[in-house]
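The structure appears right after this line, and notes come after that.
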2 protein chains.
Amino acid sequence: MNLKIGELAARTGCQAETIRYYERRGLLDAPTRSGGNYRLYGARHVDRLTFIRRCRGLDMSLDEVQSLLAFQDHPEQPCCGVNDLLDQHIGEIQRKMSELQSLQDELLRLRARCQSTGRVRECEILRDLVS
Amino acid sequence: MNLKIGELAARTGCQAETIRYYERRGLLDAPTRSGGNYRLYGARHVDRLTFIRRCRGLDMSLDEVQSLLAFQDHPEQPCCGVNDLLDQHIGEIQRKMSELQSLQDELLRLRARCQSTGRVRECEILRDLVS
DNA sequence: TAGAATCCCTGTAGCTACTACAAGGTCAAG
DNA sequence: CTTGACCTTGTAGTAGCTACAGGGATTCTA
């Protein structure tokens, strides 16, 4: 294996600087180094990084990802913690969505107040926003 | 009028530190000062800050708010720019919502893979996240 | 009128999850 | 042997605040 950071980056679709950042943050453990002090990654790192990127793609925070990684490192534990974390995350997304829905409603209502023919002076949108 | 920053904060539901931050950012212009160097705000500031907070409540960025404030300061301009900004913002919210919807779908699919009885070792959720 | 409590001031550093340098070292190709 | 692509560390920037520290002003109470 023995990938350099750029190769790992290409393989996972993650920038090299992001990989170094994950290492600093403690999500990815430090790989071995080559003679010239280059990071050398193995298959285990590819898996971990893939996992992290998948979770991030699902909008999880790095703290959440770190929790899931901790579960992976203790395979004998019951897995209900994983489910709890996911349920909580699903709840958060739910909340965000309904919040955005209210925003959208209000924005459309606001937008309907102006037919874009006049001057700023008479614009009902701006007037509406102060009150 | 002549409100101190804490009074303006209480009146608008905005923290004093946030108000100072808006001043630094150039959204709220610097008020006069008292003898003891306290900021003293007038009715105009109350209106501006209310406007800003309303916009922020609609999830607009400070840059967007600043654009709207610029429109307010040029009341003779045609107001179609205001409409454009709002339409664009509505579009963004729309995009965010459909993105969250896909996330939600995928999270629910993922969640359905585990019935929380086993150990982490066999957890299909974690397995799914690596591949 | 003294002292305490509560405000206010400036400036700086922290938060998330990166991203973008600068200044330099390593390595492979020509 | 030089060029260019890659790698290294460290630092600073992004958005929109928030949280101090260390000090001054004002106001309330005894």
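All chains are named by letter (A, B, ...) in the order of the sequence lines, taking the proteins before the strands, and each is independently numbered beginning at 1. Note that the coordinates shown come from a computational prediction; the quantities given were computed from them, not determined experimentally.
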Could you give the start and end, 5' to 3', of the contact zone on DNA chain D for chain A, using atoms under 4.0 Å from its heavy atoms?
-> D:dC6 to D:dT9
Ion pair check, A:Glu106 and B:Arg54, cut-off under 4.0 Å | yes
Can a salt bridge be assigned to the pair B:Asp29 and B:Arg44 using a cut-off of 4.0 Å between side-chain N and carboxylate O?
-> yes
Any side-chain N or O of B:Arg39 under 4.0 Å from OP1/OP2 of C:dC9?
-> yes
Check whether any side-chain N or O of A:Tyr22 sits under 4.0 Å from OP1 or OP2 of C:dA17, and answer yes or no.
-> no
Answer yes or no: is there a donor N or O on one side and an acceptor on the other, between the side chain of B:Arg33 and the main chain of B:Gly36, under 3.5 Å?
-> no
Can you give me the N/O atom pairs linking the protein to nucleotides 19-24 of chain C at distances under 3.5 Å, or say none if there are none?
| from | atom 1 | to | atom 2 | distance (Å) |
| --- | --- | --- | --- | --- |
| C:dT19 | OP2 | A:Thr18 | OG1 | 3.0 |
| C:dA20 | N7 | A:Glu17 | OE2 | 3.3 |
| C:dC21 | N4 | A:Glu17 | OE2 | 3.0 |

Contact state string [nucleotides 25-30 of chain C, B base, S sugar-phosphate only, - no protein heavy atom under 4.0 Å] | BBS---
Considering all heavy atoms, the nearest A:Cys55-A:Val65 contact | CB-CG2, 3.6 Å
Identify the two heavy atoms, one from B:Ser61 and one from B:Arg56, that lie closest to each other, and give their separation to 0.1 Å.
-> CA-NH1, 4.1 Å
When the distance from CD of A:Glu23 to P of C:dC18 is rounded to whole Å, what number comes out?
-> 15 Å
Given atom CZ of A:Arg25 and atom C1' of C:dC18, what is their separation to the nearest angstrom?
-> 11 Å
Are side-chain N/O atoms of B:Gln101 and B:Asp105 paired as donor and acceptor at under 3.5 Å?
-> yes
Among A:Leu103, A:Leu110, A:Leu108, whose side chain to side chain contact (heavy atoms under 4.5 Å, CB included) with B:Ile90 holds?
-> A:Leu108
Does the side chain of A:His45 come within less than 4.5 Å of A:Leu3's, by heavy atoms?
-> no
Side-chain contact, heavy-atom cut-off 4.5 Å: B:Tyr41 with B:Arg48?
-> no
Kindly state which residues belonging to residues 51-69 of chain A come within less than 4.0 angstrom of DNA chain D, counting heavy atoms of the residue only, listed by number.
-> none
Group every Ile, Leu, Val, Met, Phe, Trp and Tyr by side-chain heavy-atom contacts under 4.5 Å, then state whether B:Tyr38 and B:Leu49 land in the same group.
-> no
What residues, two or more places apart in sequence or in another chain, satisfy salt bridge (charged side-chain N to carboxylate O under 4.0 Å, His left out) together with B:Arg113?
-> B:Glu124, B:Asp128
Here the salt bridge (charged side-chain N to carboxylate O under 4.0 Å, His left out) pairs for residues 1-22 of chain B, sequence neighbours left out, are none
Over 12 non-hydrogen atoms of neighbours within 6.0 angstrom of CD in B:Glu122 = yes
